[in-house]
Amino acid sequence: MTWCIYLTHPEVVVDPEVPVPDWGLSDLGRERAVKATELPFADEIRQVISSAEKKATETAQVFSGRKNVFQRVLPFLHENDRSATGFLPPEEFEKTADAFFADPHRSIRGWERAIDAQNRVVTGISSALRHIPDEQPVLFTGHGAVGTLLMCHLMAVPISREHDQTRGGSWYRFDKAWLTTQAGRNLSWIEL
């Protein structure tokens, strides 16, 4: 059975003048991404799949470059669409993110609804895994909110920020079959 790792991008260079999808890893973020290549599962990964945002692709490139594994970009992994607001100062962003998770069936300030983002990511990952042999473990690199939405699905619990990571550059492991079994697995984030 295929097992997978979901890894969020670590620290980025925040620049209000640059569109959020174009933010890249900071020096600390790149240093922490290297730590992923030293984790016990790293040598078993056969493929890295990332979203198209620069911070996620850079995280994937660090891993695939050091481990010499196939990397590809799939658009469905993108972070929740929050282009309606663009950059928000940290306090305002956190309040908006709280509302995003608290009311998943409503668009908060024009953001993509949490339920839609969850369905997009679960469907996309399920589709990608159908084309990967069961004996090939996969590393997905993406974003915290999207990883949390996926985790809620895998745990068969309502969408909630209660399951959000505490810091970027966190990961969890799941089995391919969990996407369809809805058996309510117990998962938690592990920091790099």
Side-chain angles (χ1 to χ4, degrees), residues 4-25 29 48-60 71-130 138-172 174 178-180 182 185 187-189:
C4 309
I5 300 291
Y6 188 91
L7 170 67
T8 65
H9 66 80
E11 289 82 358
V12 299
V13 176
V14 176
D15 183 347
E17 301 302 315
V18 173
V20 176
D22 295 333
W23 290 353
L25 293 179
V48 180
I49 300 174
S50 77
S51 76
E53 289 93 351
K54 186 175 181 180
K55 53 201 165 208
T57 59
E58 287 182 352
T59 303
Q71 176 189 345
R72 64 182 170 145
V73 172
L74 295 177
F76 63 80
L77 277 178
H78 68 81
E79 59 192 328
N80 55 303
D81 181 356
R82 50 186 209 253
S83 57
T85 59
F87 171 80
L88 294 174
E91 187 175 313
E92 188 177 352
F93 172 81
E94 292 301 327
K95 286 180 184 175
T96 307
D98 286 344
F100 168 81
F101 281 100
D103 196 352
H105 293 276
R106 187 170 69 96
S107 172
I108 308 300
R109 298 181 65 176
W111 283 16
E112 177 182 23
R113 297 182 321 156
I115 191 68
D116 295 334
Q118 183 185 57
N119 289 336
R120 168 178 48 80
V121 170
V122 170
T123 300
I125 288 177
S126 296
S127 177
L129 288 174
R130 279 195 291 275
V138 180
L139 172 70
F140 291 96
T141 62
H143 313 279
V146 170
T148 299
L149 296 171
L150 175 62
M151 178 184 278
C152 290
H153 172 82
L154 295 169
M155 293 173 62
V157 298
I159 292 172
S160 167
R161 198 166 193 196
E162 173 187 335
H163 304 289
D164 202 1
Q165 64 180 0
T166 55
R167 181 179 183 192
S170 294
W171 63 277
Y172 59 86
F174 66 95
W178 296 0
L179 287 161
T180 54
Q182 288 292 291
R185 310 295 180 186
L187 296 170
S188 60
W189 290 101

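- Counting only distance, with no hydrogens or angles, the side chain of Tyr172 and the backbone of Gly147 share a donor-acceptor pair below 3.5 Å.
- At a cut-off of 3.5 Å, with distance as the only test, a side-chain donor of Arg109 or Thr96 sits close to an acceptor on the other residue.
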message = Using side-chain contact (heavy atoms from CB on, under 4.5 Å), reason through Leu77 and Ile125 one step at a time and then give a plain yes or no.
response = CA-CA 8 Å; Leu77 277 178; Ile125 288 177; 3.9 Å; yes

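- Thr57 and Ser51 get closest at one heavy-atom pair: CG2-O, 3.1 Å.
- Distance check, rounded to the nearest 0.5 Å: CD1 of Ile115 to CD1 of Ile159 gives 4.0 Å.
- Atom CG of Asn119 and atom CG of Leu149 lie 9.5 Å apart (nearest 0.5 Å).
- For His163, the side chain to side chain contact (heavy atoms under 4.5 Å, CB included) test picks out Thr148, Met151, Cys152, Met155, Val157, Ser160, with sequence neighbours left out.
- The backbone N or O of Ser107 sits nowhere less than 3.5 Å from a side-chain atom of Arg113 that would complete a donor-acceptor pair.
- Ring geometry, Phe93 versus Trp111: the interplanar angle falls from 30° to 60°, so the pair is classed tilted.
- A donor-acceptor contact shorter than 3.5 Å is absent between the side chain of Ser127 and the backbone of Thr123.
- Between Thr141 and Thr59, the shortest heavy-atom contact is CG2-CG2, 4.1 Å.
- Minimum heavy-atom separation, Ala97 to Arg161: CB-NH1, 3.5 Å.
- Note on residues 71-80: pairs passing salt bridge (Lys or Arg N to Asp or Glu O under 4.0 Å), not counting sequence neighbours, are Lys55-Glu79, Glu79-Arg82.
- Partner of Phe140 under the side chain to side chain contact (heavy atoms under 4.5 Å, CB included) criterion, out of Val48, Thr8, Leu150, Leu129: Leu129 alone.
- Closest heavy-atom contact between Gly144 and Asp164: O-OD1, 3.9 Å.
- Across all non-hydrogen atoms, the minimal contact from Trp23 to Val14 is CH2-CG1, 3.6 Å.
- The CG atom of Leu187 lies 11.0 Å from the NE2 atom of His153; values are rounded to the nearest 0.5 Å.
- Closest approach of Ser50 and Ala56 over heavy atoms only: CB-O, 3.8 Å.
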ask   = Run the side-chain contact (heavy atoms from CB on, under 4.5 Å) check on Glu112 and Arg120 step by step: do they pass?
value = CA-CA 11 Å; Glu112 177 182 23; Arg120 168 178 48 80; 2.9 Å; yes

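- Ring geometry for His143 against His9 counts as perpendicular: the plane angle is over 60°, on a 0 to 90° scale with 30° as the lower cut.
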task = Begin from the C-alpha positions of Leu154 and Leu179 and carry the test side-chain contact (heavy atoms from CB on, under 4.5 Å) through to its verdict.
result = CA-CA 6 Å; Leu154 295 169; Leu179 287 161; 3.9 Å; yes

